[in-house]
Amino acid sequence: MFRFHNAKFKSLQTMAAKSTLLIMAALTLLVFSGCPSSKKMTETPISANEPEASTVTTAPEPAVPAYQRPTEEAAPAESAVPFALQNVYFEFDRYDLTPEALQILADNARVLKAHPEARVVIEGHCDERGTVEYNLALGDKRAKAAKDYLVSLGVTPSQVSTISYGKERPIDMNHSEEAWSRNRRAEFARR
Amino acid sequence: MKNYRSSESDSRCVDSILWAFVFLFVSALPNQILAQTEVRLRAETRSSARLPIELKPSQLRDQATKELGQRIVDILDNDLWTSSVVAAYQTEESRANPDALRLELALSRPTGPIRFAVQTKVSLVQKKLTLEGQLLDSATNKTLDQKIYRGCPENLRLLVHALADDIVHSLTGEKGIAKSRIAFTAATGDSKEIFVMEFDGSNLRQATSLKSLNLTPAWSNDGREIVFTSYQRGNPDLFVLDLIPGRMSYLIKDNGLHSAPAWSPDGKKIAFVSTKDGNAEIYVMEIYTKALQRLTQHPAIDASPSWSPTGRELVFTSDRLGNPQLFVMDAEGTNLRRLPIDLSYNDSPAWSPRGDKIAFVSRTPNGFDIFVYDLGTQAVAQLTSKAGSNEDPCWSPDGYRLAFSSTRDGRSEIYSMLWDGTDVRRLTYKGACTSPAWSLNSRPAEEFLCKE
Amino acid sequence: MQNLLKSLAVLSALLMVSCATRKEVVNLKNDSFYIRSQIDSLRAEQRRLRATIVRLTNLTEQSTEANNRLRADIQVQLNQLGEQSQILNDRLEETGRRISNLPSKIRLTTPVMAPSPDTTNSATRVDTAQVNAAARRQLEETQRLYDSAYRDFVKGQYALAQQGFVQYLQMFPESDLADNAQYWIGECNYSQKKYAEAIQAFQTVITKYPEGEKVPAAMLKMSYAQIASGKTAAAKENLAALIKRFPQANEANLARTRLQELPH
């Protein structure tokens with residue numbers, strides 16, 4: 001039906017050029033067809049739509065894409081990026097970040113940057129093995145490792161604080177390898 | 001004298017009287033000196049070697065009842081036995097209802113003759129209690145010395161503890177532990193509170209009700225204050241609890257974690273772990289000036305400081321070699337060296353008040369077990385095995401016993417044992433009890449006063 | 001009616017005047033339809049372009065984010081590498097320390113292995129064994145003496161400990177632990193607040209065992225002893241020298257803090 005249908009498949013650049021050309025052509029045509037019938041013609045379907053000039057500038061918004069500029073329009077962005085932060089897990093007696101932890105933290109960083117008003121506490125936790133004192137220090141290391149990475153990804157340092165709970169706040173009370181791996185974590189709590 | 005205060009129980013007074021006592025004892029019985037020395041050496045090397053003493057039934061005066069007399073003998077019996085250096089044997093007539101402990105004593109009756117006896121006399125007049133203790137030469141029934149303790153029925157235990165400590169000190173030169181207490185943390189719902197009990201597990205009471213996490217308690221030298229980590233304000237800060245008015249004050253509040261405090265032997269400083277400058281390091285704070293000195297500087301975790309009894313050195317845990325190991329440095333933070341212990345994961349060091357040993361935990365298939373490192377011989381001895389996970393060792397003030405937490409009976413409870421791993425006694429029946437801290441053998445003078 | 005007529009007249013006039021025929025009108029209609037369809041398609045195009053631009057913008061953002069991420073990751077790895085190398089370094093030092101405590105033991109065992117296969121003289125062997133046993137006894141005695149002196153130190157018997165370390169140095173001046181013993185002599189004095197003697201003993205560590213591992217600690221403690229005995233100027237000099245000579249040591253950090261605390 002549309003003769004220029006195939007144009008859709010052309011490269012972006014030529015399309016841009018072509019569309020300008022086409023608009024020019026259309027305008028010329030309209031001017032040149034400024035014959036008696038032109039008024040009648042323009043009263044019908046076209047006038048139902050916007051005039052050409054406005055068509056160019058205010059085309060209806062396409063569906064909002066998944067990624068949006070986080071700094072502009074904070075309010076719509078909030079609804080766009082849900083405030084959900086995931087836990088990060090560690091290996092036994094370690095506070096270095098695993099590749100999985102880095103990925104999760106990168107996601108968390110995006111969320112925090114989309115919610116610059118949000119303040120979070122990173123809680124460092126350990127499994128039950130090891131002493132109270134050592135685990136308190138280890139939990140502190142874990143929370144700080146997570147924070148440092150977030151900050152290096154561009155999160156404002158004042159947005160994030162840290163606290164260590166050592167082995168005092170397990171989420172899994174069992175005494176198994178599985179429970180321990182769940183308890184060795186950095187947890188995000190909104191203040 | 002009118003305020004019911006037991007003037008003899010004032011610690012300074014006790015000390016001077018004790019010196020007189022020791023002098024008298026030594027001068028009166030020169031032939032005993034060798035025996036005493038021998039006992040002391042044997043007690044250090046073998047747990048079963050104790051100096052036997054006979055406990056005579058208490059003599060009752062005025063309104064003192066038979067029950068009161070029996071209670072005194074029972075408390076004394078238990079106190080002396082736990083002192084690790086003497087063994088008390090009640091005479092047949094005073095052994096009314098033998099419990100497990102006395103059964104144990106009965107099984108280990110001394111082979112030789114008992115050379116000393118303790119005679120107590122108690123008088124009760126209008127709620128004023130007078131306890132007199134006499135140390136007798138069993139053979140001649142001659143009084144070697146005697147002491148009087150005044151108080152009231154409420155602090156009877158404390159008066160008997162003072163007597164027990166004096167007996168131990170007179171006979172062996174050791175300080176005794178009967179007045180000492182053990183603080184620890186126990187879970188109450190979601191929070192953890194500090195509890196205090198006597199050295200043998202009796203008189204348990206809750207010292208804090210903060211409804212928050214309260215961890216790693218440590219005693220002041222006078223037995224009056226406890227310093228600990230509290231999350232009461234959200235952040236793990238250090239608080240000092242004065243037990244007499246039950247008042248709490250901040251020691252340090254700053255960003256980051258503050259934990260594992262340890263009071264210096266001279267009572268003037270507290271060593272602790274802080275992450276206030278970013279990383280877990282050991283700091284020392286002068287209590288009165290609050291001047292802070294940072295001793296370690298290393299990107300690894302430095303934790304769990306424990307003072308040597310001279311206050312010249314500190315042992316602590318560090319993972320600077322990749323896993324937790326024990327290091328010693330001097331009180332200024334220099335002359336650092338690793339203790340040559342060939343175990344892979346060592347933590348919770350506790351320096352013995354005798355100076356020559358460091359107790360610690362090491363990872364084993366069961367969780368943790370308690371070990372002792374001898375600074376003189378560099379030998380390592382394992383004290384617990386195959387009985388749950390055993391953690392948080394701390395020394396009794398005389399250096400003979402260790403309190404620790406263990407899961408050997410299921411949930412974590414506090415136990416004590418002799419330094420060689422024998423004579424294990426369960427002290428708590430609460431569950432989720434950890435981090436015991438044993439006080440020095442002293443009580444604040446207020447505790448000897450009677451309530452009006 | 002008149003209006004209608006008027007307009008009809010105007011219309012017809014217009015039709016007349018205009019060069020348009022009915023056919024032309026149809027053509028125009030077609031044209032306009034064509035244009036409209038063009039515009040429609042353009043607008044669709046536009047919408048797509050806008051969407052693409054948004055996507056592109058996001059892509060660019062993601063790539064800067066990816067760049068940031070990369071940088072952050074590299075930072076993490078660098079930090080971890082740094083810590084690992086520190087650990088390795090410390091381990092290396094620790095191993096070195098342990099090895100340096102071994103040589104005497106190794107020296108003792110080597111003679112037993114050393115005799116060449118053709119040495120059939122059993123007497124020589126017996127001699128070696130005897131020498132070896134004697135040396136081992138001596139080593140044990142060395143260690144015992146040192147350990148018992150340190151045991152006295154930790155028990156707070158400083159005079160006794162000092163005597164032990166002095167005796168140790170007299171008996172085994174060439175021992176690997178000689179500088180340590182000399183350091184402990186300083187420490188015994190320092191612990192008793194005998195600062196003049198402590199300064200002298202620490203100075204001996206620095207001058208007599210300049211390559212020893214105890215030098216930074218001795219320099220620091222000598223300065224502390226000087227401060228305690230009022231020799232602030234000398235202490236400052238010493239602390240500065242320590243920082244210059246061992247900038248990476250923990251003692252240098254402690255020295256820096258102490259220097260800041262001292263009155264200028």
Side-chain angles (χ1 to χ4, degrees), chain B residues 265-266 277-279 281-284 291-302 307-315 318-325 327-342 351-358 373-379 399, chain C residues 79-80 82-95 97-98 101 143-144 146-158 161 180 183-184 186-188 190-192 202 205 213-214 216-221 223-225 242 248-258 261:
Chain B
D266 65 3
D277 296 328
N279 187 44
E281 306 283 1
I282 312 273
Y283 293 76
V284 169
L292 204 56
Q293 198 194 349
R294 177 172 167 178
L295 297 189
T296 59
Q297 217 131 17
H298 199 281
I301 291 173
D302 294 323
W307 295 89
S308 79
T310 60
R312 288 298 308 133
E313 292 180 278
L314 284 154
V315 60
S318 176
D319 76 336
R320 54 186 73 192
L321 299 180
N323 51 30
Q325 294 287 341
F327 289 79
V328 172
M329 61 183 168
D330 68 23
E332 288 77 32
T334 179
N335 194 17
L336 177 89
R337 58 229 189 262
R338 189 180 85 94
L339 292 184
I341 298 167
D342 286 325
W351 208 311
S352 151
R354 291 173 173 270
D356 55 349
K357 289 187 174 64
I358 291 172
Y373 172 78
D374 189 313
L375 288 158
T377 62
Q378 304 187 359
Chain C
N79 289 346
Q80 285 171 3
E83 276 181 27
Q84 272 162 15
S85 75
Q86 173 99 45
I87 287 170
L88 284 176
N89 208 29
D90 288 357
R91 272 195 182 154
L92 210 65
E93 267 180 34
E94 175 65 21
T95 316
R97 209 166 293 146
R98 293 173 82 173
N101 288 339
Q143 193 63 43
R144 218 176 12 250
Y146 184 92
D147 287 347
S148 77
Y150 178 64
R151 199 178 146 101
D152 288 332
F153 175 81
V154 293
K155 281 176 167 285
Q157 290 155 343
Y158 301 121
N180 291 43
Y183 180 86
W184 283 116
E187 192 56 46
C188 287
Y190 188 89
S191 297
Q192 295 174 90
F202 288 131
V205 176
E213 59 172 24
K214 289 281 181 247
M219 287 177 86
L220 185 77
K221 290 309 268 291
S223 314
Y224 284 8
L242 164 61
Q248 299 302 318
N250 186 39
E251 281 81 3
N253 290 326
L254 293 163
R256 283 182 200 106
T257 318
R258 189 49 77 95
E261 290 165 3

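Sequence lines set the chain letters: A, B, ... in the order given, protein chains first and strands last, and positions in each chain run from 1.
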At a heavy-atom separation under 4.5 Å, does C:Arg258 approach chain B through its side chain, its backbone, both, or neither? side chain

For the pair B:Thr310 and C:Tyr158, evaluate side-chain contact (heavy atoms from CB on, under 4.5 Å) and give the outcome as yes or no after the intermediate values. CA-CA 10 Å; B:Thr310 60; C:Tyr158 301 121; 3.1 Å; yes

Test side chain to side chain contact (heavy atoms under 4.5 Å, CB included) applied to B:Asp302 - qualifying residues, sequence neighbours left out: B:Glu281, B:Ile282, B:Thr296, B:His298, B:Phe316, B:Ser318, B:Arg320

Close side-chain approach of C:Leu254 and B:Glu332, heavy atoms under 4.5 Å: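 Of all side-chain heavy-atom pairs linking B:Glu332 with C:Leu254, none is under 4.5 Å.
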
For a 4.5 angstrom cut-off between non-hydrogen side-chain atoms, does B:Glu313 reach C:Val154?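 Side-chain contact under 4.5 Å: yes.
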
Any side-chain to backbone donor/acceptor pair from C:Asn250 onto B:Leu295? Under 3.5 Å, distance only.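 Between the backbone of B:Leu295 and the side chain of C:Asn250 there is a qualifying donor-acceptor contact (under 3.5 Å).
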
Donor-acceptor check, side chain of C:Lys155 to backbone of B:Arg354, threshold 3.5 angstrom: yes or no? yes

Determine the minimum heavy-atom distance between B:Arg312 and C:Ser191, stating which atoms define it. NE-OG, 2.6 Å

Is there a side-chain contact (heavy atoms from CB on, under 4.5 Å) between B:Asp330 and C:Lys221? Walk through the geometry before answering. CA-CA 10 Å; B:Asp330 68 23; C:Lys221 290 309 268 291; 2.5 Å; yes

Quick one: pull up [atom1] in [X] and [atom2] in [Y] and give me the separation to the nearest 0.5 Å.
X	Y	atom1	atom2	result
B:Asn335	C:Lys214	CG	NZ	4.0 Å
B:Thr334	C:Tyr183	OG1	OH	4.5 Å
B:Arg337	C:Glu213	CZ	CD	10.0 Å

Chi angles and distances behind the side-chain contact (heavy atoms from CB on, under 4.5 Å) call for B:Gln378, C:Asp147: CA-CA 8 Å; B:Gln378 304 187 359; C:Asp147 287 347; 3.9 Å; yes

So does C:Glu261 have more than 12 non-hydrogen atoms from other groups sitting under 6.0 Å from CD?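 Check passes, neighbour count above 12.
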
Tell me, out of B:Pro353, B:Gly376, B:Ser352, who's got the most heavy-atom pairs with chain C below 4.5 Å.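 The residue among B:Pro353, B:Gly376, B:Ser352 with the greatest pair count is B:Gly376.
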
Between B:Pro299, B:Gly311, B:Ser308, who has the most heavy-atom pairs with chain C when the cutoff is under 4.5 Å?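 Looking at each of B:Pro299, B:Gly311, B:Ser308 in turn, B:Pro299 comes out on top.
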
State which residues pass side-chain hydrogen bond (donor to acceptor under 3.5 Å, both in side chains) with C:Arg256; sequence neighbours excluded, sorted by chain then number.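 By the side-chain hydrogen bond (donor to acceptor under 3.5 Å, both in side chains) rule, C:Arg256 matches C:Asn253.
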
Which of the residues C:Tyr190, C:Tyr224, C:Tyr146 is involved in the greatest number of heavy-atom pairs with chain B at under 4.5 angstrom?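 Of C:Tyr190, C:Tyr224, C:Tyr146, C:Tyr190 has the most heavy-atom pairs under 4.5 Å with chain B.
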
